[in-house]
Amino acid sequence: MKHQPPRRWGVVAAVVALVLLACLQIQYHHLKVDLGKAGFASATQENNAIRSRNRIRWGPDRNGAHSLPRGIVHRHSDMSLRPLWEDDTASTHKNKNSDYSALLAMAVGISQIKNIDTMARKFLKENYAVMLFHYDGNVDGWRHLEWSDKAIHILAHNQTKWWFAKRFLHPDVMAIYDFIFLWDEDLGVENFNPRRYLDIMVSEGLEITQPALDPDLSTDIHHRITIRNKMAKVHRRIYDNRPSMNCSDESKGPPCTGWVEGMAPVFSRTAWKCVWHLIQNDLIHGWGLDMKLGYCAQGDRTEKVGVIDSEYVVHQGIPSLGGPSLSSKTPRRSLDLRTHVSIICGILSSRIKGLKVDMLPTVALIDTKTIIG
């Protein structure tokens, strides 16, 4: 009779087998987790690298919008008002008789309400949008105007139009408009028609423009290139043989050509997309920015930047953030704060270049707080 192992050895063997199987399963699970973590880390690093490479990209891929279902992404907005109680959708600010949509944006104070009223009516008549930046805090004072509810009102105390523009005129919001008028509040528009102005701008292939200034009625003209040429529809350069200027056909940049002033610029949609990025976040008055706008001309600035003569305005010379009322008499070509600062900057620039400063007028130094305030 053969010897048979005790049954207890079979039980032990079964227990050992189960233990080994459990150990193998545990090791497999840990290995799977480790591999998953490695794969996740690799994918995260790859995604971070992709985000870094695409950081300067514009479009719906930003801020996770690429994960939204197809058809739900809407990249742009506008300034159209859409009251809850109206069934009809808001107007697109495009006149049926015009091929363009436009926005007029201004920093305004209540003391200039009469002048702003005239300007706003001209633009609203063409069904263009109007946006008012209130630097004096008085919004209620505009409620009685019949067009007030059609305009966009934004309030921030003692801020200039460049501050407002950087924060509220983002290119994605402005993309609905063909043109952006970023104007000062002290412009007389008796001889200005915005629709005819845009017709000229388009026909001439201009990307950045300004209306010419009436030399007889304007109280504040800083640069000769802005003066109206009564014999022209548009001009893109000036000629000046003075040693301090020396503007000729050979001139390739401002202020001889390819230049407009910051008081009344008009930008195409593509130009504004560039200009918005050019505006520094802490910019106050914008002095000096006009010399750089030509970089955003979407081509040769000597051809794409110009002053339109046939639709001209009057510069009333009221200082930014308020000043004397329209009834006050300002001596023609008087030196305001901007002119003083320009002269000081010219003296400093001349010293840097090693030029003589004897030809420049002497002015008293101005307190910085007075200039900014």
Side-chain angles (χ1 to χ4, degrees), residues 77-79 102-113 115-116 119-120 123 128-142 148 151-177 179-187 208 210 220 222 259-269 271-296 315-324 336-342 344-345 366-373:
S77 183
D78 57 40
M79 296 299 168
L103 169 76
L104 169 66
M106 297 180 290
V108 301
I110 194 64
S111 62
Q112 307 306 324
I113 187 171
N115 193 57
I116 302 303
M119 297 171 71
F123 281 81
Y128 298 151
V130 172
M131 184 180 227
L132 301 183
F133 305 131
H134 297 273
Y135 58 73
D136 61 353
N138 190 339
V139 178
D140 292 336
W142 300 75
S148 180
I152 306 298
H153 300 265
I154 295 179
L155 186 154
H157 289 274
N158 298 327
Q159 303 302 314
T160 65
K161 70 178 182 181
W162 300 108
W163 184 93
F164 284 105
K166 185 65 174 179
R167 286 149 184 84
F168 299 103
L169 301 184
H170 189 277
D172 283 354
V173 179
M174 294 298 101
I176 197 70
Y177 302 105
F179 299 96
I180 293 92
F181 293 73
L182 188 58
W183 281 13
D184 288 353
E185 62 181 336
D186 61 344
L187 301 177
I208 300 175
Q210 76 159 80
D220 219 6
H222 306 112
W259 183 85
V260 298
E261 196 168 1
M263 74 179 74
V266 183
F267 305 99
S268 69
R269 180 196 299 115
W272 178 251
K273 189 172 184 178
C274 169
V275 171
W276 185 89
H277 287 84
L278 184 65
I279 300 173
Q280 298 175 6
N281 191 57
D282 59 351
L283 193 64
I284 299 176
H285 285 290
W287 296 334
L289 181 65
D290 48 8
M291 292 293 180
K292 305 301 180 184
L293 293 178
Y295 290 121
C296 296
H315 186 207
Q316 298 167 351
I318 299 172
S320 298
L321 302 185
D336 63 356
L337 291 179
R338 178 191 175 102
T339 308
H340 283 298
V341 174
S342 299
I344 294 174
C345 292
I366 306 173
D367 184 78
T368 305
K369 294 181 180 178
T370 302
I371 297 175
I372 296 176

Item to check | W142/H153 aromatic ring centres below 6.0 Å | outcome: no
Checklist outcome for this item: Minimal heavy-atom distance between A264 and W183, with the atoms involved, is O-NE1, 3.2 Å
Next on the checklist: Contact between I154 and H134 at the side-chain level, heavy atoms closer than 4.5 Å - yes or no?
Outcome noted: no
Next on the checklist: For a side chain to side chain contact (heavy atoms under 4.5 Å, CB included) check, start with the C-alpha distance between F168 and W163, then their side-chain angles and the critical distance, and finish with the verdict.
Outcome noted: CA-CA 9 Å; F168 299 103; W163 184 93; 4.1 Å; yes
Next on the checklist: Treating S268 as the side-chain partner and F179 as the backbone partner, does any N or O pair qualify as donor plus acceptor under 3.5 Å?
Outcome noted: no
Checklist entry - Are any of the side-chain heavy atoms of W272 and L169 separated by less than 4.5 Å? => result yes
Item to check | Gap between atom CZ of R167 and atom CG of N281 - 0.5 Å precision | outcome: 4.5 Å
Next on the checklist: Could you tell me if the side chain of L289 sits less than 4.5 Å from the side chain of L293, heavy atoms only?
Outcome noted: yes
Checklist entry - Do you know which two heavy atoms are closest between I116 and L132, and how far apart they sit? => result CG2-CD2, 4.1 Å
Checklist entry - Does the side chain of K273 reach to within under 4.5 Å of the side chain of M174, using non-hydrogen atoms? => result no
Checklist entry - What's the spacing between I176 CD1 and R269 CZ if we round to 0.5 Å? => result 7.5 Å
Next on the checklist: Let me confirm one number: the CG-NE2 distance from D290 to H222, rounded to the nearest 0.5 Å.
Outcome noted: 10.5 Å
Next on the checklist: Hydrogens and angles aside, do D136 and H157 bring a side-chain donor and acceptor to less than 3.5 Å of each other?
Outcome noted: no
Checklist outcome for this item: Residues M119 and L187: closest non-hydrogen pair is SD-O, 3.4 Å
Checklist entry - In chain order, what residues pass the side-chain hydrogen bond (donor to acceptor under 3.5 Å, both in side chains) check against D282, with sequence neighbours excluded? => result none
Next on the checklist: Checking F164 now: which residues fulfil ring-ring contact (aromatic ring centres under 6.0 Å, His included) with it, not counting sequence neighbours?
Outcome noted: F133
Item to check | E185 side, atom CD; K161 side, atom NZ - distance, nearest 0.5 Å | outcome: 10.5 Å
Item to check | Closest contact, heavy atoms only, L278 versus K292 | outcome: CD2-O, 3.7 Å
Checklist entry - Do side-chain atoms of W162 reach the backbone of Q280 as a donor and acceptor pair under 3.5 angstrom? => result no
Checklist entry - Between F123 and F181, does a side chain to side chain contact (heavy atoms under 4.5 Å, CB included) hold up when you go through it step by step? => result CA-CA 10 Å; F123 281 81; F181 293 73; 3.7 Å; yes
Checklist outcome for this item: Distance col, row L182:CG vs W276:CH2, nearest 0.5 angstrom, shows 14.0 Å
Item to check | Rounded distance (nearest 0.5 Å) linking atom CG of D184 with atom CD of Q316 | outcome: 11.0 Å
Checklist entry - What are the two closest non-hydrogen atoms of C274 and Y295, and how far apart are they? => result SG-O, 4.3 Å
Next on the checklist: A side-chain contact here means heavy atoms from C-beta on lying under 4.5 Å apart; do H277 and P171 qualify?
Outcome noted: yes
Checklist entry - Shortest non-hydrogen contact from L155 to G137? => result CD1-O, 3.2 Å
